[in-house]
Amino acid sequence: MTQLDVRPQVGDTVSGVAEGDVRGKGLGKGSVGLVGSAVIGISTVAPVYCLTSTLGSTAGEVGMQMPAIFLAGFLPMLLVAFAYRELNKAMPDCGTSFTWTVKAFGPRIGWMCGWGLVIATIIVLSNLAGVATSYFWLLAGEITNNPSIAALDDNKLVHIATCLTLIAVATAISYRGMTATKGVQYALVGLQLAVLALFVVMAFQKASAGTFDTGLDFSWSWMNPFAVESMAAFTAGLSLSIFMYWGWDACLATNEETTGSTKTPGRASLIAMVVLVGSYLATGVAAQMAVGSGGEGLGLANEETSDNVFAALAGPVMGPALGILLFVAVLASAAASLQTTFIPVARTVLAMSTYEALPPSYAKVHPKFKTPGRATVMAGVATGVFYTVMTLVSENVLTDTIFALGLMICFYYSLTAFACAWYFRGELRRSARDLFFKGVFPVLGGLLLATVFFKTLFDMWDPSYGSGSTVLGVGSVFAIGVGLLALGLVIMLVTERRSPAFFRGEVLTKSTPALVVED
């Protein structure tokens with residue numbers, strides 16, 4: 001399909017446009033409201049998928065302090081969310097972290113921040129597609145009561161073919177615009193939250209009845225993060241918790257398509273964060289009370305089931321009939337997130353191209369759907385290729401890329417938080433509100449995430465981290481994480497030779513007015 005190039009040139013003037021307005025990129029204006037934006041944020045995080053894949057791992061690291069770790073992971077994310085909200089008020093640009101860090105710290109740091117977001121998203125997309133594929137065949141086997149159908153997921157060619165099909169469908173929906181996205185997301189998010197609520201209620205019932213021998217009585221000590229046995233266990237648990245909140249910033253990536261672009265996305269992100277932390281706490285406490293956090297039987301930390309807790313608990317907690325709903329919810333969660341996760345990566349690439357930090361072809365939007373069509377297709381192709389190659393090379397390599405994801409998340413979130421304080425440094429003395437929301441809170445959030453970044457980087461050096469694979473004597477997770485960041489540096493240097501104006505600071509600076517292309 002044809003694309004429309006709507007990139008305004010630097011120095012263009014548009015009547016009636018004040019400095020600080022959105023630099024229009026041809027996206028569909030006013031197509032998302034407050035509720036729709038919050039739903040996109042929740043969907044991108046994929047709460048049911050995150051819970052089934054990390055409840056057991058977190059319990060294995062911190063034991064009964066799992067609920068406290070969920071709260072501890074929420075804190076830096078909340079502090080960073082304030083930074084995103086303040087930056088969005090001043091600069092509602094779909095490039096979010098990329099645009100804001102360029103304006104605060106210059107083109108090179110900003111480019112690497114954008115790269116961190118893009119590569120993190122590609123890793124997540126590939127993982128989501130793999131999980132959705134596995135649950136598709138698992139659900140098919142449950143419905144038909146035919147283990148041989150569920151076993152098709154173990155066939156590598158069938159698995160890859162199914163995975164690529166799901167990626168193609170998600171890409172097509174995202175390509176067709178925010179209206180199509182919203183319709184799908186309301187249904188999928190509503191389904192997964194309703195089933196999750198049902199699971200929580202039934203888990204509490206099983207706990208009160210003492211159905212399982214490994215169950216525990218509730219204790220407020222579960223909310224004490226200082227009761228974790230070691231700093232290493234705390235950091236490992238916190239890294240998992242931070243991953244569980246990643247994706248809420250998709251609310252901000254749709255700011256140019258949201259009604260009230262300066263305020264609505266920030267409010268939506270806070271709503272999404274509250275829904276997420278409430279869901280995680282309720283589920284964590286209910287599951288721990290019902291089956292305990294130990295490594296025996298149905299205990300959450302049982303190594304045989306910890307990587308997919310809901311698959312083990314669906315039948316015992318909800319019964320055979322309702323248990324199938326939990327499989328459906330995990331599939332819906334992964335599928336919904338697979339589709340919405342295309343939003344931030346495609347719009348970041350669109351913004352980077354608009355500001356001449358990437359080839360100009362990615363700055364084109366579809367004339368009918370008003371979406372960054374070429375950038376969306378590129379993200380889909382990159383995800384498919386990445387997942388296929390990693391799956392064929394080694395399951396261990398694919399697993400370790402997921403462990404390296406936390407490094408990317410902390411990298412670009414912390415940079416964005418610091419960018420907020422630096423960008424608004426001249427306004428911090430105007431009022432107590434400016435001091436805390438533009439300075440203190442973002443800096444605290446950035447420092448917490450930067451600490452996790454460097455501690456995780458240190459831990460990754462150990463070959464035992466992740467799958468246990470090594471590259472030249474160091475942990476493969478370290479090699480992958482550092483290698484992906486180094487790859488970004490190489491691509492940036494190549495891009496600098498092709499687009500010198502951006503890297504000379506001639507296209508996007510703090511004083512550059514953001515222009516709006518009128519309809």
Side-chain angles (χ1 to χ4, degrees), residues 25 27 32 37 40-41 43-46 84 93-101 110-130 132 166-178 181 185 243 246-257 265 269 334-355 357-359 361-366 369 371-387 401-402 404-405 407-409 411-413 415-416 484-485 487-488 491-492 495:
K25 302 172 187 66
L27 298 170
V32 184
S37 183
I40 287 173
S43 174
T44 304
V45 174
Y84 271 74
D93 189 286
C94 72
T96 60
S97 292
F98 159 75
T99 303
W100 300 333
T101 48
W111 197 98
M112 284 302 299
C113 187
W115 169 258
L117 186 153
V118 169
I119 198 63
T121 307
I122 295 300
I123 294 173
V124 169
L125 281 169
S126 64
N127 186 44
L128 286 167
L166 291 176
I167 292 172
V169 171
T171 304
I173 295 174
S174 297
Y175 188 93
R176 293 183 62 83
M178 295 306 300
T181 296
Q185 291 308 315
F243 163 72
W246 180 81
W248 56 266
D249 52 314
C251 301
L252 284 300
T254 62
N255 50 20
E256 295 187 34
E257 298 151 274
S269 66
S337 183
L338 176 63
Q339 192 255 308
T340 53
T341 304
F342 277 101
I343 292 173
V345 65
R347 282 148 183 79
T348 297
V349 170
L350 170 68
M352 293 179 76
S353 181
T354 299
Y355 295 118
L358 285 177
S361 60
Y362 295 115
K364 297 178 180 180
V365 300
H366 194 279
F369 302 131
T371 59
R374 187 162 298 182
T376 301
V377 171
M378 180 278 296
V381 171
T383 300
V385 171
F386 180 85
Y387 188 82
T401 60
I402 299 167
L405 173 64
L407 206 64
M408 307 301 164
I409 294 172
F411 175 74
Y412 84 85
Y413 272 167
L415 277 178
T416 307
L484 289 174
L485 290 175
L487 176 62
I491 296 175
M492 184 182 72
T495 305

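Panel note: side chain Ser353, backbone Pro359; a donor-acceptor pair is recorded below 3.5 Å. A donor-acceptor contact shorter than 3.5 Å links the side chain of Thr371 to the backbone of Tyr175. Using a distance-only test at 3.5 Å, with no hydrogens or angles considered, a donor-acceptor pair links the side chain of Ser126 to the main chain of Ile123. Between the Ser337 side chain and the Ala334 main chain, no donor and acceptor come within less than 3.5 Å of each other. Trp246 places no side-chain N or O within 3.5 Å of a backbone atom of Val45 that could act as its donor or acceptor partner. No donor-acceptor pair closer than 3.5 Å links the side chain of Trp115 to the backbone N or O of Ile491. Asn255 places no side-chain N or O within 3.5 Å of a backbone atom of Pro265 that could act as its donor or acceptor partner.
Two residues are said to be in side-chain contact when any heavy atoms from C-beta on lie closer than 4.5 Å; Ile343 and Thr44 fail this criterion. Between Thr254 and Cys94 the shortest side-chain heavy-atom distance does not fall below 4.5 Å. When side chains are defined from C-beta on, Phe98 does not count as touching Thr416, because their heavy atoms never get closer than 4.5 Å. Side-chain atoms of Leu117 and Asp249, non-hydrogen and from C-beta on, do get closer than 4.5 Å to each other. Within the 4.5 Å cutoff, no side-chain heavy atoms of Met352 are placed close to those of Tyr362. Side-chain contact check for Ile119 versus Phe386: every heavy-atom pair is 4.5 Å or farther apart. Here the side chains of Val349 and Val118 are in contact, with some heavy-atom distance below 4.5 Å.
Among Ile173, Val124, Leu125, the single residue meeting the side chain to side chain contact (heavy atoms under 4.5 Å, CB included) criterion with Leu338 is Leu125.
With sequence neighbours left out, the side chain to side chain contact (heavy atoms under 4.5 Å, CB included) criterion links Leu485 to Met408, Phe411, Phe453. With sequence neighbours excluded, the residues that form a ring pair (Phe, Tyr, Trp, His ring centres under 6.0 Å) with Trp248 are Tyr84, Tyr413.
Residues Ser97 and Tyr412 come closest through the heavy atom pair OG-CD1, 3.7 Å. Listed here is the closest heavy atom pair of Ser269 and Leu252: CB-CD2, 3.8 Å.
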